[in-house]
Amino acid sequence: MNDLISVIIPVKNGGRGKYLNQAIEGILAQQMNIEIIVVDDCSTDNTVEIAESYGCKIVKHETCKGQVAGKNSGIKVARGKYILFHDHDDIMQDGALKRLYDEFEPEVMAVEAKVQDWYSPDLSEEKTKTPIKTEPYWGLFTGAILIKKEVFDKIGFFDESVHTGEIIEWQTKMDSNGLKIKKVDFVSTLRRIHATNFGKTNRNNEFKDYAAILRAKLRKS
């Protein structure tokens with residue numbers, strides 16, 4: 001059996017459209033040695049009940065803190081040797097987790113695959129005309145990067161003042177500490193495009209965070 005993998009799902013109000021159900025079922029279908037940690041950020045729907053029905057470990061925020069803080073909360077209780085972050089509305093491809101796991105070598109600290117955008121079936125016909133990336137791409141945590149937990153002992157937790165764009169901050173810390181990321185050219189996760197994607201609703205904050213991270217990086221160089 002493989003080493004324990006902690007899959008962390010930060011979520012707020014994930015009951016809509018059975019997104020969370022489908023995400024968890026996709027993870028369980030990997031048939032790996034896993035624990036699923038659902039970090040609930042003050043949901044007002046049945047998110048917690050859904051997670052409990054699948055036997056997930058539940059971490060509840062008493063106040064709304066956002067998805068970056070949710071990742072940190074998950075890391076703090078994770079028991080696995082490896083960590084994977086997964087959005088509540090995305091779906092992992094069959095066999096993807098094993099492939100990520102099998103790609104590790106002694107000097108590799110994280111293995112990164114690609115994601116593929118797809119239109120959620122519940123989108124209106126008008127919404128499906130919104131342009132999306134038609135080719136798979138790198139650069140998102142969601143179900144695409146398997147990380148040795150010891151990485152966070154070396155580089156620390158995520159900066160919770162960064163509400164989006166934490167992938168850039170993380171990669172910058174990895175580079176500055178000489179920690180190797182291995183890229184593998186396959187699609188591990190389908191990234192659902194729907195009416196309330198976090199990235200869409202936080203686009204202004206995303207640009208501000210990218211700019212702040214870049215300025216910090218330049219100051220250190």
Side-chain angles (χ1 to χ4, degrees), residues 5-12 14 16-30 32 34 36-39 66-68 70-71 74 82-104 108-123 127-128 130-148 151 158 162-172 174 180-203 205-207 209-210 213:
I5 298 170
S6 299
V7 181
I8 299 171
I9 307 177
V11 57
K12 180 176 182 178
R16 177 183 181 276
K18 294 190 179 296
Y19 295 170
L20 181 59
N21 303 65
Q22 292 169 8
I24 293 173
E25 288 168 7
I27 295 164
L28 293 174
Q30 301 300 312
M32 298 284 280
I34 61 173
I36 302 177
I37 302 168
V38 172
V39 183
Q67 65 169 4
V68 177
K71 290 182 174 70
Y82 297 87
I83 286 178
L84 180 134
F85 301 104
H86 197 294
D87 286 355
H88 82 277
D89 47 4
D90 297 336
I91 299 177
M92 180 166 274
Q93 299 283 73
D94 288 347
L97 191 55
K98 185 176 189 303
R99 184 163 180 186
L100 288 168
Y101 179 82
D102 287 344
E103 290 288 343
F104 272 92
V108 172
M109 301 305 287
V111 174
E112 179 180 3
K114 291 181 175 179
V115 296
Q116 174 69 64
D117 286 352
W118 67 293
Y119 290 115
S120 185
D122 57 356
L123 274 180
K127 290 290 186 182
T128 58
T130 302
I132 63 172
K133 296 178 181 178
T134 57
E135 297 297 325
Y137 56 96
W138 313 100
L140 288 179
F141 275 128
T142 179
I145 305 178
L146 186 59
I147 308 165
K148 288 182 179 176
V151 163
F158 296 106
V162 175
H163 299 290
T164 60
E166 71 275 16
I167 182 68
I168 294 179
E169 184 218 11
W170 178 78
Q171 287 179 321
T172 299
M174 292 288 285
K180 182 177 179 181
I181 303 172
K182 180 179 181 179
K183 290 190 173 184
V184 186
D185 192 6
F186 79 98
V187 174
S188 66
T189 308
L190 299 179
R191 180 173 180 263
R192 187 192 300 265
I193 303 300
H194 56 91
T196 57
N197 282 81
F198 181 82
K200 287 184 178 180
T201 57
N202 287 271
R203 187 61 52 85
N205 283 335
E206 183 176 21
F207 292 143
D209 286 343
Y210 286 163
I213 293 166

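Note that the coordinates shown come from a computational prediction; the quantities given were computed from them, not determined experimentally. Every heavy atom of this structure was used, including side-chain atoms; hydrogens, water molecules and symmetry mates were not.
No side-chain heavy atom of Leu84 sits under 4.5 Å from any side-chain heavy atom of Ile8. Met174 has its side chain out of reach of Thr172: every pair of non-hydrogen atoms, C-beta onward, lies at least 4.5 Å apart. Proximity of Tyr82 to Ile147: side-chain heavy atoms (C-beta onward) are nowhere separated by under 4.5 Å. Counting only heavy atoms from C-beta outward, the side chains of Ile181 and Met109 never approach each other to under 4.5 Å. Using a 4.5 Å heavy-atom threshold, the side chains of Val7 and Ile37 count as separate. Looking only at side-chain heavy atoms (C-beta outward), Glu103 and Val108 stay at 4.5 Å or farther from each other. Here the side chains of Ile167 and Gln171 are in contact, with some heavy-atom distance below 4.5 Å. No side-chain heavy atom of Tyr19 sits less than 4.5 Å from a side-chain heavy atom of Ile91.
Listed here is the closest heavy atom pair of Pro10 and His86: CD-O, 3.8 Å. Summarising the geometry of Ile5 relative to Tyr101, their closest heavy-atom pair is CD1-CD1, 4.2 Å, with the distance given to 0.1 Å. Considering all non-hydrogen atoms of both residues, Ala96 and Ser188 come closest at CB-O, 3.5 Å. Closest non-hydrogen pair, Thr189 versus Ala144, comes out as OG1-N, 4.0 Å. Between Gln67 and Asp87, the shortest heavy-atom distance links the atoms OE1-OD1, 4.4 Å. Gln116 and Thr134 get closest at one heavy-atom pair: NE2-O, 3.4 Å.
Using a 4.0 Å cut-off between charged side-chain N and carboxylate O, Lys182 and Glu112 make no salt bridge. With salt bridges taken as basic N to acidic carboxylate O contacts below 4.0 Å, none links Arg192 and Asp89. Remark: Lys114 engages Asp185 in a salt bridge, criterion side-chain N to carboxylate O under 4.0 Å.
A cation-pi geometry, defined here as NZ or CZ lying under 6.0 Å from the six-membered ring centre and within 45° of its normal, holds between Lys133 and Tyr137.
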Evaluate side-chain contact (heavy atoms from CB on, under 4.5 Å) for Val184 paired with Leu100, printing each intermediate quantity in order.
-> CA-CA 8 Å; Val184 186; Leu100 288 168; 5.6 Å; no
For the pair Leu190 and Asp117, evaluate side-chain contact (heavy atoms from CB on, under 4.5 Å) and give the outcome as yes or no after the intermediate values.
-> CA-CA 6 Å; Leu190 299 179; Asp117 286 352; over 6 Å; no
Mind running side-chain contact (heavy atoms from CB on, under 4.5 Å) on Gln93 and Phe186 for me, showing each step along the way?
-> CA-CA 10 Å; Gln93 299 283 73; Phe186 79 98; over 6 Å; no
Pair Trp118-Ile193, side-chain contact (heavy atoms from CB on, under 4.5 Å): steps then yes or no | CA-CA 6 Å; Trp118 67 293; Ile193 303 300; over 6 Å; no
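In this structure, a donor-acceptor pair under 3.5 Å is present between the side chains of Asp90 and Thr142.
A donor-acceptor pair is defined here as one N or O able to donate and one able to accept, closer than 3.5 Å; no such pair exists between the side chain of Glu166 and the backbone of Val162.
Going from atom CD1 of Ile83 over to atom NZ of Lys148 covers 13.5 Å, rounded to the nearest 0.5 Å. If you take CG on Leu97 and CG on Asp102, they are separated by 9.5 Å, rounding to the nearest 0.5 Å.
Between Phe158 and Phe85, the ring planes lie perpendicular to each other; the angle is over 60°, past the 30° to 60° tilted range.
The 12-atom threshold is not exceeded at NZ of Lys98, counting heavy atoms of other residues, nucleotides or ligands nearer than 6.0 Å. Counting heavy-atom neighbours within 6.0 Å of Lys180 NZ, excluding the residue itself, gives a total above 12.
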